[in-house]
Amino acid sequence: MVYYMLGAVVASLLGLLFLKSSIGKKKSGASSMEAQSNESLMERPGNGSNDTDIIIVGAGVAGAALAYTLGKDGRRVHVIERDLTEPDRIVGELLQPGGYLKLMELGLVDCVREIDAQQVYGYALYKDGKSTKLSYPLEGFKSDVAGRSFHNGRFIQRMREKTASLSNVRLEQGTVTSLVEEKGTVKGVQYKNTNGQMLTAYAPLTIVCDGCFSNLRRSLCKPKVEIPSCFVGLILEKCELPYKNHGHVILADPSPILFYQISSTEIRCLVDVPGQRVPSISNGEMNHYLKTVIAPQGASGIIFPIIKAEGIREMFLPASMPTCYKATPVN
């Protein structure tokens with residue numbers, strides 16, 4: 001279960017990338033497109049003319065990084081993103097050192113600057129009253145090479161700004177409703193812009209990066225999605241962790257609890273709640289679960305203010321995303 005939880009939080013630069021080329025595919029069913037994950041910024045009007053080399057649907061970590069890389073390579077890229085405002089999410093907040101090195105390679109390392117990102121040098125593990133610290137093997141690398149933890153939305157916006165700085169990349173807010181196909185080959189997309197107009201964009205290559213709950217993905221394949229558990233995320237303010245600049249993992253029962261700093265004043269607490277149903281907030285189930293099941297397992301040395309948290313409030317609860325709360329600890 002530990003690998004599941006860490007994988008979901010840490011792998012911020014990874015995702016499923018499905019490419020769909022228009023270099024003819026037979027009409028036999030599975031069109032050759034491909035997908036990945038997320039969002040984009042700065043609107044410029046779209047049109048139906050074929051003046052684009054590549055269409056990217058979504059510009060989160062995957063879409064924005066891809067658009068920037070292809071744009072630097074001289075490609076004419078049209079990015080269509082459903083919502084250009086700063087995302088508020090609890091995923092993709094802890095970037096591993098390998099991800100930081102990849103940002104350096106892509107010329108995107110400045111996207112983790114000026115967002116109050118925190119360096120991460122490893123993990124502290126807790127189980128049954130015992131603990132140990134595991135450090136990243138960073139010997140031989142420059143001093144700035146380490147993991148980074150941050151507010152996901154701030155990171156995304158920085159990547160969008162970087163992408164928007166390229167004159168051959170057009171970023172537009174709009175909702176892609178369908179793929180345009182001819183004889184089994186994807187020619188482009190249909191989308192609704194911010195004025196409510198239905199437009200068509202064409203390109204030789206279309207790349208879908210609109211997340212794991214993509215509607216477009218269902219038109220290309222029939223993925224079997226299983227949800228063994230849900231994340232509940234809290235932001236803990238005015239708290240300190242025993243090991244500075246380290247993620248903290250409690251191997252608890254029935255599932256892990258994870259702590260890491262996302263700004264100079266905030267610590268993210270992630271609780272993995274087994275099952276497909278998130279405990280209700282309105283009837284007190286969530287509060288009771290956190291107090292009776294999770295809080296008593298706070299590792300020795302970790303301040304666990306959930307029991308005395310005042311004003312636990314819902315930050316957001318999208319239909320298919322984890323629940324996120326803010327907890328203000330009481331001394």
key: Partners meeting salt bridge (charged side-chain N to carboxylate O under 4.0 Å, His left out) with Arg277 (sequence neighbours left out)   = Glu285
key: Same cluster (ILVMFWY, side-chain, under 4.5 Å), Met104 and Val61   = yes
task = Tell me, please, which residues at least two apart from Glu226 pass salt bridge (charged side-chain N to carboxylate O under 4.0 Å, His left out).
result = Lys224
Beyond-backbone contact of Leu66 with Ile207, side-chain heavy atoms, under 4.5 angstrom = yes
Check: Thr163 and Leu171 side chains under 4.5 Å, non-hydrogen atoms = yes
request  = Dump the intermediate steps for side-chain contact (heavy atoms from CB on, under 4.5 Å) on Val232 and Met286, then the final yes or no.
outcome  = CA-CA 9 Å; Val232 172; Met286 179 64 74; 3.6 Å; yes
key: Any residue meeting salt bridge (charged side-chain N to carboxylate O under 4.0 Å, His left out) with Arg154, in chain and number order, not counting sequence neighbours   = none
request  = Return the set of residues passing salt bridge (charged side-chain N to carboxylate O under 4.0 Å, His left out) with Asp128 (not counting sequence neighbours), or none when no residue passes.
outcome  = none
key: Residues that Thr175 engages under side chain to side chain contact (heavy atoms under 4.5 Å, CB included), provided they are two or more places apart   = Arg82
ask   = Side chains of Arg158 and Asp110: closer than 4.5 Å at any heavy-atom pair?
value = yes
remark   = Sorted by chain and number, sequence neighbours left out, side-chain hydrogen bond (donor to acceptor under 3.5 Å, both in side chains) with Asn195 holds for none
message = Quick check: do Met159 and Leu108 have side-chain heavy atoms less than 4.5 Å from each other?
response = yes
message = Side chains of Thr200 and Tyr191, heavy atoms from C-beta outward: is any pair under 4.5 Å?
response = no
query = Would you say Ser214's side chain and Asp210's backbone share a donor-acceptor pair under 3.5 angstrom?
reply = no
query = Between Asn152 and Ile90, is there a donor-acceptor pair closer than 3.5 Å when you use the side chain of the first and the backbone of the second?
reply = no
request  = Identify, with sequence neighbours excluded, every residue that meets side chain to side chain contact (heavy atoms under 4.5 Å, CB included) alongside Asn245.
outcome  = Gln119, Tyr121
inquiry  = Can you tell me how far apart CG (Asp88) and CD1 (Ile156) are? Round to the nearest 0.5 Å.
reply    = 12.5 Å
message = So Val271 and Phe231, do their side chains get closer than 4.5 Å, heavy atoms only?
response = no
request  = Check step by step if salt bridge (Lys or Arg N to Asp or Glu O under 4.0 Å) holds for Arg268 and Glu93.
outcome  = CA-CA 9 Å; Arg268 172 71 77 196; Glu93 293 180 323; 2.7 Å; yes
ask   = How long is the span from the CG atom in Leu258 to the OH atom in Tyr260, to the nearest 0.5 Å?
value = 6.0 Å
Which atom pairs, donor and acceptor, lie under 3.5 Å between side-chain atoms of residues 136-147 and protein residues at least two apart or in another chain?
unit_1, atom_1, unit_2, atom_2, d
Tyr136, OH, Gln96, OE1, 2.4
Asp144, OD2, Tyr100, OH, 2.9

inquiry  = For Ser178, give me all partners under side-chain hydrogen bond (donor to acceptor under 3.5 Å, both in side chains), at least two apart in sequence or on another chain.
reply    = Gln190
request  = With sequence neighbours excluded, tell me which residues meet side-chain hydrogen bond (donor to acceptor under 3.5 Å, both in side chains) with Asp116.
outcome  = Gln118, Ser264
query = How far apart are the C-alpha atoms of Leu103 and Val112, what are their side-chain angles, what is the distance that settles it, and do they pass the side-chain contact (heavy atoms from CB on, under 4.5 Å) test?
reply = CA-CA 9 Å; Leu103 288 180; Val112 295; 3.8 Å; yes
ask   = When you measure from the side chain of Ser165 to the backbone N and O of Lys162, does any donor-acceptor pair fall under 3.5 Å?
value = yes
query = Can you name the residues that form a side-chain hydrogen bond (donor to acceptor under 3.5 Å, both in side chains) with Gln197, not counting sequence neighbours?
reply = Asn193
query = So, does Ser229 use its side chain to make a donor-acceptor pair with the main chain of Asp272 at under 3.5 Å?
reply = no
Tyr202 side chain reached by Val180 side chain, heavy atoms, under 4.5 Å = yes
request  = Calculate, to the nearest 0.5 Å, the distance between atoms CD1 and CD1 belonging to Ile257 and Ile250 respectively.
outcome  = 4.5 Å
request  = Establish, from distance only, whether the side-chain atoms of His151 and Glu86 form a donor-acceptor pair under 3.5 Å.
outcome  = no
task = In sequence, state the C-alpha distance, the side-chain angles, and the governing distance for His246 and Ser135, and then conclude on side-chain contact (heavy atoms from CB on, under 4.5 Å).
result = CA-CA 8 Å; His246 282 70; Ser135 298; 4.0 Å; yes
task = Could you check if a side-chain atom of Phe150 sits within less than 4.5 angstrom of a side-chain atom of Ser263, using non-hydrogen atoms only?
result = no
request  = Only counting residues at least two apart or in another chain, list the ones meeting side chain to side chain contact (heavy atoms under 4.5 Å, CB included) with Lys127.
outcome  = Leu251
